[in-house]
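When a residue number appears, it is its place in the shown sequence, counting from 1.
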Amino acid sequence: MKTVKPDDLFKGAQEVDISNALSMRHPDDWATFYKEALDEAAIVAMTDPDGTITSVNKKFCEISGYREHELIGANHRLLRSGIHDRAFWRDFYQTITRGHVWHGNICNRAKSGHHYWVDTTIVPHKDATGRIHSYTAIRFDITPQKVAEERLWKLANTDPLTGLPNRRRFLENLQSLTDTGAENGIILGLMDIDNFKGLNDSLGHTVGDHVLQHVANRIRETLEAEDIVARLGGDEFALILRHCASNTEAEERIARIEDALSELIPLGRDSRRVSASLGLTRFPEGGATANELMKHADIALYKAKANGRNRTEFFTDSMREEVIRHTELLHRFENALRNNELEVHYQPVMPLTRQAPFKMEALLRWRHPEQGLLYPPQFMDALLDEGLATMADFHVLETVLRDLRRFHADGARPQMVTINATMGDFRSPHFIARILTAIEDGEIAPANLCVEITEGMILDDRSSVARAGIEKLHAHGILTAFDDFGTGYASLRDLRDLPVDFIKIDKSFIVSLTTDAADRAIVQTVIELAHHLGKRVVAEGVDDPAKLAILREFGCDSIQGFLISPALPLDAIRQFLLDGRADELRI
């Protein structure tokens, strides 16, 4: 037989007929050829029907770390990593024992203990009767690409700070559980760390990250094995508690988390204790889909925070109705801003001393198309939304600037108009900038405007923002007033250090001024203290002459209330000024 050299196979069809040349090989030569090719490219092993290894090639020994004599005669289970579950192996064995070729990826364990992945094809061999007498396993090492895939999966599904599942992975888990619908006793929880932003801002993001890691670890250590915890972002965590037979059992398990969180977190030489607010809902009563569960748990979380934080609330239908009403109010109020339904009314502030200026306070009203004129308590929930409150305050500011120009054009010149400011105004880059522009452009004089703040703004976690804004206004001659003094927790140091010009005593102290000696003592002390600090005092809610007499006796600078006048719309207050009634109020 003529031997065909390998080079001859590529000389062209005219010199050598390739198919004829290949057909000239002896069958034994082909077997050797295939075996050599496989041994060179693949990891190969043969087993008997029971899985006992009968043959391995060099690559098999290299990747497994075992020598040939350690493998021959051993069962292939020697290489199991424990990664694959029973269902995987059941499918595997059912396929090959029925004489079908199986193909898939398997994670094996090497002699050293490390895992490696192989793309595997198992080929059954049958005798003439159709009985399987052996299997050939052909494998290719895919460990590098599996490692790369796992890294990408981890990046896509894991929170890098805490190592917990991220929002994406958590929602996939929740979706999987709700899709099956077979498992009862699932409790979904959403959790926020109370006042975390203040801690983060005051102590720095490094400390904040440290706290988040401690919280994550403590929750993870407290949960049952099949429970799930994830970090959704920021200080928000999510929980899936499984096999909770009742809400009481869920509350007991949540109590363990709360106890774990209440332990001090070491922060270098210092330590902090954190608390959390939780909203819980049960599947399927509290939501039949993942989206419903998330929405209802969020509603319960909002309720927990609204009720004072550091507490747990279970979702109820009444909460949903409340949220629907709240959402509708926000929507209607936003439309009111667009449709010019908001008005500014002005309430006179009567001076009791010659040094006190005549002022008016600008107060927001809503001319509702169906309900008529609404007052702030009727839409206060909308004003608790920082974004809407900031928009409303800017509307009031623009309206006051416009009305001041009209007052001056009429010859009715109020000495000062006070406007209320919220934290959102100081966080916004537009509010203070608009006031300063109005002064620079000659729209108003600094003395025409006074900005009122509340105690909550200087005690808020972001008080530095408000303080900086107040100081900036003061530097440009804009006076400021401390509204509702006595209703919060402002200290004497705050009174001393803040550049405020007026202290407004809340009407809750004025209402019992003629009948309650304690309230009279408080009011008198506040007036004297404010005067010692160089500040003037306005008493709110004065509605009868007897209270006026007491306040005169105490040396109060100004009063505000129905005894003088309710808040009036623009045309009425213009007439009030033009008629000289403001001058009649002066001493």
> Ignoring hydrogens and geometry, is there a side-chain-to-backbone donor-acceptor pair from His531 to Val537 under 3.5 Å?
Replying inline: no
> Phe315 ring centre to Lys295 NZ or CZ under 6.0 Å, with the angle to the axis within 45°?
Replying inline: no
> Any donor and acceptor pair, going by atom type alone, linking the side chain of Glu361 with main-chain N or O of Pro348 inside 3.5 Å?
Replying inline: no
>> For the backbone of Ile478 and the side chain of His476, can you confirm whether one donor and one acceptor N or O come within less than 3.5 Å of each other?
In response: no
>> Using salt bridge (Lys or Arg N to Asp or Glu O under 4.0 Å), reason through Asp571 and Arg574 one step at a time and then give a plain yes or no.
In response: CA-CA 5 Å; Asp571 289 341; Arg574 284 172 67 202; 3.6 Å; yes
>> Within a 6.0 Å radius of atom CZ on Phe554, are there more than 12 heavy atoms belonging to other residues, nucleotides or ligands?
In response: yes
> What do the steps show when you test Phe333 against Asp385 for side chain to side chain contact (heavy atoms under 4.5 Å, CB included), and what is the final call?
Replying inline: CA-CA 11 Å; Phe333 188 79; Asp385 182 278; over 6 Å; no
>> Under the side-chain contact (heavy atoms from CB on, under 4.5 Å) test against Asp425, which residue among Ile419, Asn420, Ile453, Thr390 passes?
In response: Thr390
> Does Asp194 use its side chain to pair, donor to acceptor, with the backbone of Arg309 at less than 3.5 Å?
Replying inline: no
>> Please check: side-chain N/O of Thr281 versus main-chain N/O of Gly286, any donor-acceptor pairing under 3.5 Å?
In response: yes
> Under the 3.5 angstrom rule, does the side chain of Glu471 hit a backbone N or O of Ala468 as a donor-acceptor pair?
Replying inline: no
> Would Lys359 and Gln560 count as having a side-chain donor-acceptor pair, cut-off 3.5 Å?
Replying inline: no
>> Assess the residue pair Lys535 and Asp501 against the criterion (salt bridge (Lys or Arg N to Asp or Glu O under 4.0 Å)); give the C-alpha distance rounded to whole Å, side-chain angles, the decisive distance to 0.1 Å, and a yes or no.
In response: CA-CA 5 Å; Lys535 305 176 191 304; Asp501 304 278; over 6 Å; no
> Between Thr437 (side chain) and Ala433 (backbone), is there a donor-acceptor pair under 3.5 Å?
Replying inline: yes
> Charged N to carboxylate O below 4.0 Å: is that the case for Lys305 and Glu313?
Replying inline: no
> With no hydrogens and no angle check, do the side chains of Asp506 and Ser508 hold a donor and an acceptor under 3.5 Å apart?
Replying inline: yes
> After noting the C-alpha distance and the side-chain angles of His331 and Asn335, does the key distance pass the side chain to side chain contact (heavy atoms under 4.5 Å, CB included) rule?
Replying inline: CA-CA 6 Å; His331 176 68; Asn335 284 341; 3.2 Å; yes
>> Evaluate Arg367 against Glu341 for salt bridge (Lys or Arg N to Asp or Glu O under 4.0 Å), listing each step before the verdict.
In response: CA-CA 5 Å; Arg367 186 72 64 178; Glu341 296 172 12; over 6 Å; no
> Taking it one step at a time, do Glu343 and His345 satisfy side-chain hydrogen bond (donor to acceptor under 3.5 Å, both in side chains)?
Replying inline: CA-CA 6 Å; Glu343 301 177 0; His345 290 197; 3.0 Å; yes
> Is there a donor-acceptor pair under 3.5 Å between the side chain of His395 and the backbone N or O of Leu342?
Replying inline: yes
>> Between Asp483 and Thr454, is the side-chain hydrogen bond (donor to acceptor under 3.5 Å, both in side chains) condition met? List the steps.
In response: CA-CA 5 Å; Asp483 197 11; Thr454 61; over 6 Å; no
> Who pairs with Phe394 by ring pair (Phe, Tyr, Trp, His ring centres under 6.0 Å), at least two apart in sequence or on another chain?
Replying inline: none
>> Consider side-chain contact (heavy atoms from CB on, under 4.5 Å). Of Arg272, Arg273, His214, which one does Leu264 pass it with?
In response: Arg273
>> Check whether Asn217 reaches the backbone of Gln213 with its side chain - one donor and one acceptor, N or O, closer than 3.5 Å.
In response: yes
> Is any side-chain N of the basic residue among Arg320 and Asp317 closer than 4.0 Å to the acidic one's carboxylate O?
Replying inline: yes
> Any donor and acceptor pair, going by atom type alone, linking the side chain of Arg231 with main-chain N or O of Leu161 inside 3.5 Å?
Replying inline: no
> What's the verdict on side-chain hydrogen bond (donor to acceptor under 3.5 Å, both in side chains) for Ser275 and Glu258, showing C-alpha distance, side-chain angles and the deciding distance?
Replying inline: CA-CA 7 Å; Ser275 63; Glu258 292 170 342; over 6 Å; no
> Going through the checks in order, is the side-chain hydrogen bond (donor to acceptor under 3.5 Å, both in side chains) test met by Thr162 and Asp159?
Replying inline: CA-CA 6 Å; Thr162 62; Asp159 171 51; 2.5 Å; yes
>> Less than 4.0 angstrom from a charged side-chain N to a carboxylate O is my criterion; do Asp516 and Arg520 meet it?
In response: no
